[in-house]
Every structure is written in structure tokens, then in C-alpha cells.
Amino acid sequence: MRSTSWRPQAPASSRQRRGAVEKLFVSEAGGNTIYVRSHDGARIYYYAHLQKYAPGLHEGMKVTRGQSLGAVGSTGNADSSAPHLHFALHRMNPGERWYEGTPVNPYALLAGP
């Protein structure tokens, strides 16, 4: 991931072109998480184990590619000795909620230009 390094508290950056923060959520497994819905509603981008959210980040906020969303961390069930970003991509059907959708291999998105 171009904008995310593997050191603690490195920035976790938005990789999609544009969208909006749909949900900020703290879970036992994922710790501090962010769900960003693409501008066309077709995808959810999931970021987990964040140490903290970027200042001012809030639900409904518009985000763009490369924008800092938070800091890489080890919250939730992540190993505290191995801070990292858990990233996932879900294809969304109309009407599906932030926690639904079909998982998609994000390799093409991450390896693309």
C-alpha cells in the first residue's frame, strides 16, 4: 500500500478514489475500525486495528484517495508486537448495510497505478 508503512502509528490512508466514512466502529476483533463507502455505493473499504482515527474524522465525512484516515496500530485482537492495518474490500448490493456485502480480493486495487 503506497501510503501505509508497517511501523506503529504510520498513517492508514484511503486507497479508493473517493467516498464517505459510513461507520466508525470499535469491535472486540477489529478494534478501532473504519468503513468507507465508495461514491457510487458499490464498495465498502474496511480498515481495522487502527491505533487512532485521524483528527476530525467522522461519520458522513467525504474522503479522497491518499487522505489520512488514522494511524496503524494493534487494537482489537491484533498482536501488540506486530502493529498492522487490516484492509478488506466488499462489493455492495443496493440497500446493503456497512457490515454486509460480498468480500472481494483487493489485490488489483492495491497493486494498481
Sidechain-backbone polar pair: Thr75 side chain, Gln51 backbone, donor-acceptor under 3.5 Å: no
With heavy-atom distances below 4.5 Å as the criterion, would you say the side chains of Leu89 and Tyr45 are in contact?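 In short, these two side chains touch, coming nearer than 4.5 Å.
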Validation row: Met92, Glu22 side chains within 4.5 angstrom (heavy atoms): no
With hydrophobic residues grouped by side-chain heavy-atom distances under 4.5 Å, do Val36 and Tyr99 end up in a single group? no
Using the rule that two of Ile, Leu, Val, Met, Phe, Trp, Tyr join whenever any of their side-chain heavy atoms come within less than 4.5 Å, decide whether Leu85 and Ile44 are in one cluster. no
Nearest 0.5 angstrom please: [X] [atom1] to [Y] [atom2], how far?
{"X": "Leu57", "Y": "Gln67", "atom1": "CG", "atom2": "CD", "answer": "7.5 Å"}
{"X": "Leu69", "Y": "Asn32", "atom1": "CG", "atom2": "CG", "answer": "13.0 Å"}
{"X": "Lys62", "Y": "His39", "atom1": "NZ", "atom2": "NE2", "answer": "10.5 Å"}

If the condition is side chain to side chain contact (heavy atoms under 4.5 Å, CB included), which residues does Asn93 pass it with, not counting sequence neighbours?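 With neighbours one apart ignored, the set is Glu96.
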Which atom pair, heavy atoms only, marks the closest approach of [X] to [Y]?
{"X": "Thr33", "Y": "Val26", "result": "OG1-N, 4.5 Å"}
{"X": "Gly60", "Y": "Ala20", "result": "O-CB, 4.3 Å"}
{"X": "Ala78", "Y": "His84", "result": "CB-CE1, 3.5 Å"}
{"X": "Asn77", "Y": "His49", "result": "OD1-CE1, 3.2 Å"}
{"X": "Ser80", "Y": "Ser74", "result": "CA-OG, 3.6 Å"}

Could you work out, with ring pair (Phe, Tyr, Trp, His ring centres under 6.0 Å) as the rule, every residue matching [X], not counting sequence neighbours?
{"X": "Tyr53", "result": "none"}
{"X": "Phe25", "result": "Trp98"}
{"X": "His90", "result": "none"}

Sequence neighbours left out, what passes salt bridge (Lys or Arg N to Asp or Glu O under 4.0 Å) with Asp40? Give chain and number order.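 Once residues adjacent in sequence are excluded, the partners of Asp40 under the salt bridge (Lys or Arg N to Asp or Glu O under 4.0 Å) criterion are Arg43.
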Aromatic plane relationship, Tyr35 with Tyr46 - under 30° parallel, 30 to 60° tilted, over 60° perpendicular: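 Tyr46 vs Tyr35 ring planes: tilted.
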Would you please name every residue forming a side chain to side chain donor-acceptor pair (under 3.5 Å) with Ser81, sequence neighbours left out? Asp79
